Chemist: 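Next up is a structure, given as structure tokens.
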Amino acid sequence: MSVSALDSAARERIPSEAMRTISFDRGDAMPLLGLGTWKSAPGEVSAAVRAALRLGYRHIDCAAIYGNEAEVGAALRESIAAGEVTREELWITSKLWNNAHAEGAVIPALTRTLRDLGLAYVDLYLIHWPVAMSPARMFPESGADLVSLDDMPLSATWRGMEAARAAGLARHVGVSNFSVAKLRGLLEEATARPEVNQIELHPYLQQEATLAFCRAHGIHVTAYSPLGSRDRPAGMRQRREPVLLEDPTVASIAARHQATPAQVLIAWALHRGTSVIPKSVHPGRMAENLAAERLALDAADMRAIAALDRRRRYLDGTYWSNFGGPYTLTNLWDE
Ligand code: NDP
Ligand code: 1BO
């Protein structure tokens, strides 16, 4: 059956039991395909999450900095109250913002997120960036707002994350935007490994070495910005960026499978064993993206997509390095 033929089924509802999952300890299973919520505006994200849950999504990717966790929480509560889903069926990820990296700041930050989401625990809590900032700022305005990793080591932040897990506020803990070098450093000092590393991954940024390292160390990888993140704020875009959703190779693979480019990009991420969290606020697109679970790419498709790598970061991290503070693109990505 073609993927487009599956769209109508997906619009009705793909039962959660049909979703592919990855197992974590304590018997927990994370659906490999989740819904991103960055840039989903407070006025639209509740309806989007509610629609996503009706379609069969069970994994929602959130973060304090997205500024919409209260609205996401309202949708979760409504769906649970309506009997459409139970808390136990859901996988909710959130992330610690850069201004709460002090060991003792982690549990208070997570407590605020839990209050906003209306939950007693998150399934996964991630250190959002390996970048520390003054508690007074949400985004840096000068180099003085940033705190170096020598002064605020990631190992201290990680102890706070482990304490959050021990307190039952997060069932699993992990990191995001961590290079192999930073993962190595953390593994040397931490009592427990991060369970997940959430990083930018798509055909233009395939990060094979990071994937191999994570696989070898039992760290699951989640792919963010899998569709190329076209709705990023202007300040985070570069001039003349390549448009992933318009890539001719992706388009021709999509045409051959009677699928869409977005479905090819999502299926490619799943084929590599990563989880993937495309963002949309439109039910039609959410259904289309969910149906990508059923798209089987073949070896020739995977070879053609492998050739597209151009080590292109859409989220290049310049917003941490623009100010002459302690962060540079070299020490951020360790490349
Ligand atoms: P994505 O790559 O998911 O792209 C989102 C864009 O694609 C939106 O403009 C959306 O529009 C559009 N879109 C969605 N589905 C389709 C479709 N089927 N066809 C055409 N266009 C489509 O970008 P994000 O950067 O949002 O990444 C996904 C998620 O990953 C984030 O929302 C966030 O949860 C997470 N993330 C985490 C980061 C981290 O640092 N850990 C960094 C970046 C992202 P519309 O909504 O209008 O449908
Ligand atoms: C700075 C952007 C964060 C998206 O997750």
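The model shown is predicted, which means the values in this text are computed figures rather than measured ones. Numbers for residues simply follow the sequence, beginning at 1. All ligand and atom numbering here is 1-based and tracks the order in the structure.
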Chemist: Taking atom types as modelled, is there a side-chain donor on H271 or D301 under 3.5 Å from an acceptor on the other?
Modeler: no
Chemist: For ligand 1, which atoms sit closer than 4.0 Å to a heavy atom of P278?
Modeler: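 Under 4.0 Å from P278, ligand 1 has these atoms: 3 (O).
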Chemist: Between S275 and H220, is the side chain to side chain donor-acceptor pair (under 3.5 Å) condition met? List the steps.
Modeler: CA-CA 8 Å; S275 46; H220 174 73; 2.7 Å; yes
Chemist: Applying the 4.5 Å side-chain criterion to the ILVMFWY set and letting contacts propagate, would L205 and L211 be lumped into a single cluster?
Modeler: no
Chemist: Are E69 and T113 close enough, and set up right, to give a side chain to side chain donor-acceptor pair (under 3.5 Å), and what steps lead you there?
Modeler: CA-CA 7 Å; E69 287 191 321; T113 271; 2.7 Å; yes
Chemist: With a cut-off of 4.0 Å, which atoms of ligand 1 are near a heavy atom of A262?
Modeler: 17 (C), 18 (N), 19 (N)
Chemist: To the nearest 0.1 Å, how far is atom 31 (C) of ligand 1 from its closest protein heavy atom, and which atom is that?
Modeler: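 Its nearest protein heavy-atom neighbour is W38 CB, 3.6 Å.
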Chemist: What's the shortest distance from atom 26 (O) of ligand 1 to any protein heavy atom, and which residue and atom give it?
Modeler: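 Ranking protein heavy atoms by distance from atom 26 (O) of ligand 1, first comes K39 NZ, 2.7 Å.
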Chemist: Hey, looking at atom 3 (O) of ligand 1, which of R232, K95, K279, Q263 has the closest heavy atom?
Modeler: K279
Chemist: If you count the atoms of ligand 1 from 1 in the order shown, which ones are under 4.0 Å from a heavy atom of S229?
Modeler: 1 (P), 2 (O), 4 (O), 23 (O), 24 (P), 25 (O)
Chemist: Given N197, V175, I277, which one has a non-hydrogen atom that is nearest to atom 30 (O) of ligand 1?
Modeler: I277
Chemist: Identify all side-chain donor-acceptor contacts of residues 29-41 below 3.5 Å with residues at least two apart in sequence or on another chain.
Modeler:
residue, atom, partner, partner atom, Å
T37, OG1, D61, O, 2.6
K39, NZ, D231, OD1, 2.7
K39, NZ, D231, OD2, 3.2
S40, OG, T37, O, 3.4

Chemist: Taking distance alone, with N or O pairs closer than 3.5 Å, would you say L227 contacts ligand 1?
Modeler: yes
Chemist: Parallel, tilted or perpendicular: which fits the ring planes of H172 and F24, with parallel below 30° and perpendicular above 60°?
Modeler: tilted
Chemist: So which atom in L201 and which in A223 form the shortest heavy-atom distance, rounded to 0.1 Å?
Modeler: CB-CB, 3.6 Å
Chemist: Run the numbers for me: atoms of ligand 1, each under 4.0 Å from some heavy atom of D61, listed by number.
Modeler: 33 (C), 34 (O), 35 (C)
Chemist: Which of the numbered atoms in ligand 1 are below 4.0 angstrom from a heavy atom of Q198?
Modeler: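 So the answer, numbered in order with elements, is 35 (C), 36 (N), 37 (C), 38 (C), 39 (C), 41 (N).
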Chemist: Is ligand 1 under 4.0 Å from a heavy atom in the side chain of L126, in the backbone, in both, or in neither?
Modeler: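 No part of L126 comes within reach of ligand 1.
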Chemist: Return the set of residues passing ring-ring contact (aromatic ring centres under 6.0 Å, His included) with Y121 (not counting sequence neighbours), or none when no residue passes.
Modeler: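 Counting only residues at least two positions away or on another chain, Y121 forms no ring-ring contact (aromatic ring centres under 6.0 Å, His included).
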Chemist: List by chain and number: which residues place a heavy atom under 4.0 Å from ligand 2?
Modeler: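 Protein residues near ligand 2 are W38, Y66, H128, W129, M236.
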Chemist: Students often mix this up, so state it plainly: with edges at 30° and 60°, are the rings of Y319 and W129 parallel, tilted or perpendicular?
Modeler: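 Geometry flag for W129 against Y319: perpendicular rings.
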Chemist: Going by heavy-atom distance to atom 36 (N) of ligand 1, choose the closest among W129, Y314, Y224.
Modeler: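 Considering heavy atoms of W129, Y314, Y224, the nearest to atom 36 (N) of ligand 1 sits in Y224.
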Chemist: Show me which atoms of ligand 1 lie under 4.0 Å from any heavy atom of L245.
Modeler: 20 (C), 21 (N)
Chemist: Considering non-hydrogen atoms of the protein only, which is the closest contact for atom 9 (O) of ligand 1, and what is the distance?
Modeler: D231 CG, 3.1 Å
Chemist: Ignoring hydrogens and angles, write down the donor-acceptor pairs under 3.5 Å from the side chains of residues 302-312, residues two or more places apart or on other chains.
Modeler:
residue, atom, partner, partner atom, Å
D309, OD1, Q206, N, 3.3
D309, OD1, R311, N, 3.1
R312, NH2, Q238, OE1, 2.9

Chemist: Which is closest to atom 21 (N) of ligand 1 by heavy-atom distance: M286, R285, E44?
Modeler: R285
Chemist: Among all the protein's non-hydrogen atoms, which is closest to atom 40 (O) of ligand 1, and how far away is it?
Modeler: N177 ND2, 2.9 Å
Chemist: Would you say ligand 1 has an N or O under 3.5 Å from any N or O of L315?
Modeler: no
Chemist: Using a 4.0 Å cutoff against the non-hydrogen atoms of H128, which atoms of ligand 1 qualify?
Modeler: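 Near H128, the atoms of ligand 1 are 39 (C), 40 (O), 41 (N).
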Chemist: Do ligand 1 and V281 have nitrogen or oxygen atoms that lie under 3.5 Å from each other?
Modeler: yes
Chemist: Which heavy atom of the protein is the closest neighbour of atom 15 (N) of ligand 1, given with residue, atom name and distance?
Modeler: N289 ND2, 3.0 Å
Chemist: Between D316 and T318, is there a side-chain donor-acceptor contact under 3.5 Å, judged purely by atom types and distance?
Modeler: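 Checked: T318/D316 side chains pair up, N/O donor to acceptor below 3.5 Å.
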Chemist: Test of understanding: clusters of I, L, V, M, F, W, Y form through side-chain heavy atoms closer than 4.5 Å, transitively. Do I266 and L55 belong to the same one?
Modeler: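 Same hydrophobic cluster.
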Chemist: Do the ring planes of H217 and F213 sit parallel (below 30°), tilted (30 to 60°) or perpendicular (above 60°)?
Modeler: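 The rings of H217 and F213 lie parallel, inter-plane angle below 30°.
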Chemist: Looking only at N/O atoms, are H282 and ligand 1 under 3.5 Å apart anywhere?
Modeler: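 N/O-N/O distance below 3.5 Å exists for this pair.
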Chemist: Tell me which protein heavy atom sits closest to atom 48 (O) of ligand 1, plus the residue, atom name and distance to 0.1 Å.
Modeler: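 In this structure, atom 48 (O) of ligand 1 has S280 OG, 2.6 Å as its nearest protein heavy atom.
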Chemist: Consider ligand 1: state whether an atom of it lies below 4.0 angstrom from any non-hydrogen atom of Y66.
Modeler: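 Judged by the 4.0 Å heavy-atom criterion, Y66 does count as contacting ligand 1.
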Chemist: For ligand 1, which atoms sit closer than 4.0 Å to a heavy atom of S176?
Modeler: 39 (C), 40 (O), 41 (N)
Chemist: Could you tell me how the ring of W320 sits relative to the ring of F139: parallel (under 30°), tilted (30 to 60°) or perpendicular (over 60°)?
Modeler: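 The arrangement is parallel - the two ring planes meet at less than 30°.
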